[in-house]
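One structure below.
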Amino acid sequence: MLMKFIQLEGRFPLESAIWKDGYRFPRHLLKLVIDGLLQEEKDCSAVILRFQEFLEYDDIRYYTMSVVIERIAQVYQNNKETLPSIFLNNVFGLLSSINMPQDDKLSNFLVAQKEKVDEWKPAKLMEHKKIFERVWMGFLKHKLSVSLYKKVLLILHESILPHMTKPTLMIDFLTVAYDVGGAISLLALNGLFILIHQHNLEYPDFYKKLYSLLDPSVFHVKYRARFFHLANLFLSSTHLPVYLVAAFAKRLSRLSLTAPPQCLIMIIPFICNLIRRHPACRPLIHRPSAEADLASDPFIMEEKDPAKSCALESSLWELEALQNHYYPNVLRAANVISRALSTQESDISELLELSAYELFEKEMKKKFNTVPLEFEPVEGLLGKKHDITAEHFSLL
């Protein structure tokens, strides 16, 4: 009903536009609606979801973003220090509901305009991008909770960066997030990947930080598939130093000793692909000149700098140990290193999201004709065919 009032007042304005950009849009009414959606002490997610359908209108979308900027500044001034978490969640819910247009010509307006709209800001895609950038930068400069941090990073690479006029403005936000560690660092990889590959971002310690993210917990986080997909992209360049690739291969190999089988099926081809791309790493799996027995592994697992990990001096003995794994598919995957590696890389895209449940279901669907229950056939209770006589039964 409130949006209907906005539409009607825009059609029958109480005051005429007396300057060039003063087109008939009841911005003051929309501000009252947005202020009601962005409350400080009440979760308004259900109402914001209802309001989402009006954000498809170009004029409503533009003025909503401009009003949100004012609302954030107003609440910040009232609270002086930090913004309430409920308010921040409401703002994120509203901003994440905005779907930016793709066409240069915008003509889907809730408030019909009788005058020429070529000079009207809501009718220009570039103006939408500018204010979209302003509202997100104004929101992200405030302190966010960990859960909200993750939600922003989840949509950043698809819903925010492509619609900004200057995506490089996100460099500071993403580099800080990448240095936090844990799941937040994993999620920041998507945005950093776009900035590095499309906007020439230079991050001196990027691979050093990526190396430090490889720990046992990476196999159990919710974003495991996304992390290994991006790690595969970052390590796909053939111009990377040999010591760096060897360090990643060796660290993954060491971590595979305690990894679950659904991860091992993906990790082993991942390591083999690294060796295929960088033939100089082949001594990790075949070093004819090496001594017969090594007293200890020279690789330093605790070293955070891949250049000092001594990975090239070591070997991937962990993969040979996995040839005795209890799960047959892992055993077969590990046997690849026992023969000459093919030049063609393995496709790991279908293995990234493999789960233990899927492995179990696959095994349950297998049909066995005969199941061996004994190693040697039974010939009798005491080892002979006729060791039980009538006397035994009479005694019983």
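Given the structure is predicted, the values throughout are model-derived calculations rather than measurements.
- Remark: side-chain polar atoms of Gln39 are not paired, donor with acceptor, to backbone N or O of Glu41 under 3.5 angstrom.
- Between Pro101 and Leu125 the shortest side-chain heavy-atom distance falls below 4.5 Å.
- Between Leu153 and Leu174, some side-chain heavy-atom pair lies under the 4.5 Å cut-off.
- Contact of the Leu161 side chain with the Met170 side chain is registered, since non-hydrogen atoms from C-beta on lie closer than 4.5 Å.
- The closest side-chain heavy-atom distance from Asn79 to Glu40 is below 4.5 Å.
- The environment of Met301 atom CE is dense: over 12 non-hydrogen atoms of other residues, nucleotides or ligands sit within 6.0 angstrom.
- Summarising the geometry, atom CG belonging to Leu312 is positioned 10.5 Å from atom OH belonging to Tyr243; distances are rounded to the nearest 0.5 Å.
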Leu144/Phe92 under side-chain contact (heavy atoms from CB on, under 4.5 Å): CA gap, chis, key distance, verdict: CA-CA 10 Å; Leu144 307 179; Phe92 174 77; over 6 Å; no
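- Under the 3.5 Å distance criterion, the side-chain polar atoms of Lys250 are left unmatched by any main-chain donor or acceptor of Leu316.
- Around atom CZ of Arg226, more than 12 heavy atoms belonging to other residues, nucleotides or ligands sit under 6.0 Å away.
- For the ring pair (Phe, Tyr, Trp, His ring centres under 6.0 Å) test, no residue two or more places apart in sequence or in another chain qualifies with His199.
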Step by step, work out the ring-ring contact (aromatic ring centres under 6.0 Å, His included) result for Tyr149 and Phe173. CA-CA 11 Å; Tyr149 219 137; Phe173 176 78; 5.5 Å; yes
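- There is no path of hydrophobic side-chain contacts, each under 4.5 Å, that joins Ile155 to Leu49.
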Go through it in stages, so that I can follow the logic: the residues are Ile72 and Phe87, the test is side-chain contact (heavy atoms from CB on, under 4.5 Å), and I'd like the CA-CA distance, side-chain angles, deciding distance and then a yes or no. CA-CA 9 Å; Ile72 293 175; Phe87 172 75; 4.2 Å; yes
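- Side-chain atoms of Arg224 do not come within 3.5 Å of backbone N or O of Glu353 as any donor-acceptor pair.
- Ring planes of Trp136 and Phe139: perpendicular class, angle over 60° (limits at 30 and 60°).
- A heavy-atom distance below 4.5 Å is found between the side chains of Met65 and His128.
- Both Val146 and Leu213 are members of a single hydrophobic cluster when ILVMFWY side chains are connected at heavy-atom separations under 4.5 Å.
- Note that CD1 of Ile337 and OG of Ser253 are 8.0 Å apart. Values are rounded to the nearest 0.5 Å.
- Taken to the nearest 0.5 Å, the CD atom of Glu345 stands 11.5 Å off from the CD1 atom of Ile275.
- Side-chain heavy atoms closer than 4.5 Å link hydrophobic residues (I, L, V, M, F, W, Y) into clusters, and following such links, possibly through other members, connects Leu140 to Val176.
- Of the inter-residue distances, the one linking Ile194 atom CD1 with Leu156 atom CG reads 7.5 Å to the nearest 0.5 angstrom.
- At a threshold of 4.5 Å between non-hydrogen side-chain atoms, the residues Pro261 and Leu359 count as touching.
- In terms of heavy atoms, Tyr178 sits closest to Ser185 at O-OG, 2.7 Å.
- For the pair Asn108 (side chain) and Glu56 (backbone), a donor-acceptor distance under 3.5 Å is present.
- In this structure, Leu252 is not a member of the same hydrophobic cluster as Ile300, with clusters built from ILVMFWY side-chain heavy atoms closer than 4.5 Å.
- Using cut-offs of 30° and 60° on the angle between ring planes, the pair Phe193 and Phe234 is perpendicular.
- Within a 6.0 Å radius of NE2 in His325, more than 12 heavy atoms belonging to other residues, nucleotides or ligands are found.
- The same ILVMFWY cluster, assembled from side-chain heavy atoms under 4.5 Å apart, contains both Phe5 and Ile60.
- Considering all non-hydrogen atoms of both residues, Leu264 and Ala259 come closest at CD1-O, 3.7 Å.
- A distance of 4.5 Å separates OH in Tyr62 from CD1 in Ile131, rounded to the nearest 0.5 Å.
- Although no hydrogens or angles enter the test, the distance criterion places a donor-acceptor pair under 3.5 Å between the side chain of Asn90 and the main chain of Cys44.
- Between Pro122 and Tyr63, the shortest heavy-atom distance links the atoms CG-CE1, 3.6 Å.
- Within a 6.0 Å radius of CZ in Arg27, more than 12 heavy atoms belonging to other residues, nucleotides or ligands are found.
- Between Arg61 and Asp58 there is a side-chain heavy-atom pair separated by less than 4.5 Å.
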Begin with the C-alpha distance, continue with both residues' side-chain angles, and end with the deciding distance and a verdict on side-chain contact (heavy atoms from CB on, under 4.5 Å) for Gln262 and Glu358. CA-CA 9 Å; Gln262 67 271 19; Glu358 290 173 334; over 6 Å; no
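- Looking at every heavy atom in both residues, Lys150 comes nearest to Ala183 through CE-CB, 4.1 Å.
- Ion pairing of Glu133 with Lys130 is absent here, as no side-chain N (NZ or NE/NH1/NH2) approaches a carboxylate O to less than 4.0 Å.
- The environment of Glu303 atom CD is dense: over 12 non-hydrogen atoms of other residues, nucleotides or ligands sit within 6.0 angstrom.
- Judged by distance alone, the side chain of Arg251 and the main-chain N or O of Leu214 form a donor-acceptor pair under 3.5 Å.
- Here the shortest heavy-atom pairing between Pro162 and Glu158 reads CG-O, 3.5 Å.
- Counting only distance, with no hydrogens or angles, the side chain of Arg276 and the backbone of Gln344 share a donor-acceptor pair below 3.5 Å.
- Between Lys42 and Ile86, every side-chain heavy-atom pair lies at or beyond the 4.5 Å cut-off.
- Note on ring orientation: taking the six-membered ring where Trp is involved, the planes of Phe206 and Tyr203 are perpendicular (angle over 60°, cut-offs 30° and 60°).
- A donor-acceptor pair under 3.5 Å is formed between the side chain of Thr175 and the backbone N or O of Asp172.
- Side-chain contact, Asn329 with Tyr327: a donor N or O sits under 3.5 Å from an acceptor N or O.
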Checking Arg332 against Asn335 for the side-chain hydrogen bond (donor to acceptor under 3.5 Å, both in side chains) test, could you report, in this order, the C-alpha distance in whole Å, the side-chain angles of both residues, the deciding distance, and whether it holds? CA-CA 5 Å; Arg332 281 192 291 270; Asn335 281 335; over 6 Å; no
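- Between Ala123 and Phe109, the shortest heavy-atom contact is CB-CZ, 3.8 Å.
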One pair to check against side-chain contact (heavy atoms from CB on, under 4.5 Å): Ile348 and Phe228. What are the steps and the verdict? CA-CA 10 Å; Ile348 63 169; Phe228 280 101; 5.9 Å; no
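- Atoms OG and CZ, from Ser309 and Arg254 in turn, are 10.5 Å apart once rounded to the nearest 0.5 Å.
- In this structure a side-chain-to-backbone donor-acceptor pair under 3.5 Å is present from Gln323 to Ala334.
- Without hydrogens or angle criteria, Arg71 side chain to Leu38 main chain gives a donor-acceptor distance under 3.5 Å.
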